Amino acid sequence: MKKIHDLFGSMVFNDAVMREKLPKDIYRALKKTMLQGMHLELDVANVVAAAMKDWAVEKGATHFTHWFQPMTGTTAEKHDSFIEPCGDGCGIMAFSGKSLVRGEPDASSFPSGGLRATFEARGYTVWDTTSYAFIKDGTLCIPTAFCSYSGEALDKKTPLLRSMEAIDKQAIRILRLFGDTASQRVVAQVGPEQEYFLVDKEMFLKRPDLVYTGRTLFGARPPKGQELEDQYFGSIKPRVSDFMKELDEELWKLGVYAKTKHNEVAPAQHELAPIYATTNIATDHNQLTMEMMKTIADRHGLTCLLHEKPFAGVNGSGKHNNWSISTDTGVNLLEPGQTPHEDAQFLLFLVAVIKAVDEYQDLLRVSAASAGNDHRLGANEAPPAIVSIFIGEELAEILESLESSADYQGKEREIMEIGVTVLPHFTKDTTDRNRTSPFAFTGNKFEFRMLGSAFSVAGPNIVLNTAIAEILGQFADLLEKSGDFSGDLAALIKNTFKKHKRIVFNGNNYSDEWVAEAERRGLSNLKTTVDALPEFISEKSIELFTKHNVFIESEIHSRHDILMEGYCKTIHIEALTMVDMVKGIIIPACVDYQNDLTRLLGQKKACGEYDASLEEYLLKNIAKLSACLLRRLTVLESAVLEAKEEADILVHAKFYRDKVYSAMSELRFIVDELETFVARKHWPLPNYADILFSVI
Ligand code: ADP
Ligand code: MG
């Protein structure tokens, strides 16, 4: 193996490569575009494109693509070769500045939620200069934003970049108030921990449900699941370890700082965490990570499952979104400081997050909503659908002590000093690790844990960046006008905490008492995707996103519709897959087994002297279950038929949730019962134990 040093970033057109390959003035012009968003002149783009092409061809690339993130949540690419005719029947390798900066993929087949219909079928891709180009599978990939003819965002990257600008703008205003004149930018940073399952590919291919829907729609519980907790952090099996090593290497080549890997709680479940990066790069890298996981698993005869709940009864997979903001001078604004002055600033950012999460809890919930994740949120493995914040006992005490200063009117400044003198004792390691909180402060960052494993991290970070930008903006409006900065600052911190502390919960989020307590506190409990998504198109949401130029109203409606439709389509495909499997695989298997048993019974009866009670018992039970199976199959089939296109998307989605999905659960129950009666050799699908314990 090459040394990591040589390997790392070897497939990335990064800063070092740019410096080496570009003339000095071109490099400087490009850097200006990257750092300050300056317009890139075509003559500069031409030189950059030529250098990129030479570099890529040297590394064996033959094609280029504008790599973008449509609203499907995955990535899209259309490959064009570098080949250009040169008149005499020959071809040369060429790449123009125009092709680098802008593309026009035929975008009519990507979901637009109605955005494109009113304008034009074409879409444009535009180079995101803040994310480096890279080579993947012989193709030079240019990270791009994707928008419609008239400029509406058709992707996840554009609003994310806009939200980063929003938080930058407002956080800088706050920093200036604290006398920081050095910082030019504030960036939001993310480290996403990615959970996934690895199963044997042969087993996977024998399960149409896994192939079509990513999760098992049937499956009786195995004798052993995760009860012994012997998988978590356990030694990694050789086949998995080989996979992980190759994955690390491939990710390093792409400039992804893959850092931590370990076994997770469920059998066959694992996790990978990279070192955090700016939000848009972390998002690009997480998409690449998910893609590489699938590609590399395949090379090892394995299949990587990124679904949130591939197996009932064992833990599903999530994605923890570790989030913080820091200045371009390298100061983490969520890190308690060294001086009272810095601590006051830290407390202000902290209460800004508390207020933002309280006021926009519904939008955070929306950002984690999908049919797949509905199986996790609220189950005893992932945070509930109720959003709350964990800040640890120590910080809670500091804020409480500030708050109780209400009794000492006019003495806020003094109390503030009390608060901040306590702070220096506060260290990261003392925050007890609350694993059940959906939004936990972990020393110098917040960990949002509601996200599902298959999600793009763009969604929650758009919400976080924008909601916190809004609150920081409100704070700045107030403090910029203040004649008594320290006094008003102390009052602001105190009052904000007082008003929003209902969202702070340091206890066990998995307990039933919390559900009741949260209700008493007036917190939302949007249990399913269908309950959550309407909040996205609420007046409050539209006001927030349009105010900060993150979305225009039509972009919000389009995304809402795509998400709702996605929910319906997911359940529709699952229902059809179930029907197909029951009719084509499960019923024939039951019939075969019943035939075998009947033949045996006949033989025994013919002999007269044998006890046939076992066969009779089995036949009776299978017949009973089969009759029930047939009834429930009919119910599901007619529910699917009835779920015709409704004009109202919400009514449509509710029908899928209340009628189709519940018919699916009823059907599953019977099939899982049948699995326990039918002889192993007759059962046509690999069972849970086969799948979960097959990789050795
Ligand atoms: P855990 O103990 O929560 O499982 P991991 O080490 O698996 O922790 O992952 C923590 C993630 O948080 C990593 O991706 C790490 O880079 C990221 N992280 C650390 N500090 C910050 C920060 N200041 N901002 C954002 N992410 C961070
Ligand atoms: Mg972890």
Side-chain angles (χ1 to χ4, degrees), residues 8 160 163-164 167-168 171 183 185-196 229 231-234 236 244 247-248 251-252 255-266 269-290 293 315 317-337 342 345-346 349-350 352-353 381-383 389-392 426-451 453 455 457-458 460-465 468 509:
F8 192 85
L160 182 68
S163 76
M164 289 171 73
I167 197 163
D168 171 28
S183 305
R185 294 202 62 160
V186 167
V187 278
Q189 308 163 133
V190 168
E193 298 164 58
Q194 176 72 49
E195 291 182 343
Y196 61 97
E229 293 173 339
Q231 159 83 357
Y232 192 52
F233 284 10
I236 299 169
M244 286 178 167
L247 178 62
D248 277 342
L251 290 175
W252 291 334
V256 179
Y257 289 94
K259 175 86 173 163
T260 310
K261 53 187 182 185
H262 59 81
N263 287 348
E264 258 301 330
V265 172
Q269 193 185 30
H270 315 279
E271 182 187 293
L272 180 143
I275 297 173
Y276 66 95
T278 59
T279 324
N280 68 322
I281 290 176
T283 306
D284 287 359
H285 282 180
N286 182 246
Q287 293 290 354
L288 275 178
T289 302
M290 292 195 285
M293 281 176 167
N315 273 9
S317 299
K319 176 142 55 195
H320 292 175
N321 189 78
N322 294 275
W323 180 95
S324 69
I325 37 177
S326 87
T327 64
D328 55 349
T329 53
V331 179
N332 180 347
L333 299 174
L334 297 178
E335 183 110 41
E342 286 171 6
Q345 182 183 300
F346 161 73
F349 279 106
L350 183 70
V353 175
E381 56 180 270
I389 298 191
F390 166 84
I391 54 170
F426 171 82
T427 57
K428 275 191 245 191
D429 304 331
T430 61
T431 33
D432 30 333
R433 308 281 262 157
N434 183 317
R435 286 275 164 204
T436 66
S437 175
F439 202 92
F441 184 67
T442 50
N444 61 357
K445 61 184 192 298
F446 280 97
E447 185 169 351
F448 180 48
R449 302 198 179 115
M450 278 176 133
L451 213 58
S453 48
F455 279 67
V457 290
N461 291 298
I462 291 170
V463 175
L464 273 174
N465 293 344
I468 293 164
N509 284 256

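Throughout, residue positions are numbered sequentially from 1 according to the sequence presented. Whatever order the structure lists ligands and atoms in, that order sets their numbers, starting from 1. These figures come from a predicted structure and were not determined experimentally.
- At least one heavy atom of E447 sits less than 4.0 Å from an atom of ligand 1.
- Listed by number with element, the atoms of ligand 1 under 4.0 Å from a non-hydrogen atom of N332 are 23 (N).
- In terms of the side-chain hydrogen bond (donor to acceptor under 3.5 Å, both in side chains) criterion, D168 has no residue partners (sequence neighbours excluded).
- Not a single heavy atom of H320 sits closer than 4.0 Å to an atom of ligand 1.
- In the vicinity of P274, heavy-atom distances shorter than 4.0 Å reach the ligand 1 atoms 13 (C), 14 (O), 15 (C), 16 (O).
- Using a distance-only test at 3.5 Å, with no hydrogens or angles considered, a donor-acceptor pair links the side chain of D328 to the main chain of R185.
- Considering backbone and side-chain N/O of Y276, one or more are found under 3.5 Å from N/O of ligand 1.
- Under the side-chain hydrogen bond (donor to acceptor under 3.5 Å, both in side chains) criterion, N332 pairs with no residue, sequence neighbours left out.
- Taking distance alone, with nitrogen or oxygen atoms compared against 3.5 Å, H262 stays at or beyond that limit from ligand 1.
- Taking 4.5 Å as the limit, every side-chain heavy atom of N509 sits out of range of all side-chain heavy atoms of P383.
- Residue G191 approaches ligand 1 through these ligand atoms, each under 4.0 Å from one of its heavy atoms: 14 (O), 26 (N).
- Looking at P192 next to ligand 1, no N or O pair under 3.5 Å apart turns up.
- Here is the list of ligand 1 atoms found below 4.0 Å of a heavy atom in E271: 7 (O).
- The closest approach between any non-hydrogen atom of R449 and ligand 1 is not below 4.0 Å.
- Listed by number with element, the atoms of ligand 1 under 4.0 Å from a non-hydrogen atom of Q189 are 25 (C).
- For the atom pair CZ of F439 and CE of M450, the computed distance is 11.0 Å after rounding to the nearest 0.5 Å.
- Looking at heavy atoms from C-beta onward, F441 lies out of side-chain contact with I389 at the 4.5 angstrom threshold.
- Inclusion of E193 in the set of residues having an N or O under 3.5 Å from an N or O of ligand 1 is warranted.
- Using a 4.0 Å cut-off between heavy atoms, R435 contacts ligand 1 through its side chain alone, with no backbone atom that close.
- For the side-chain contact (heavy atoms from CB on, under 4.5 Å) test with M293, the passing option among L247, L288, L251 is L247; the others fail.
- Short contacts between ligand 1 and I275, defined as distances under 4.0 Å to a heavy atom of the residue, involve ligand atoms 16 (O).
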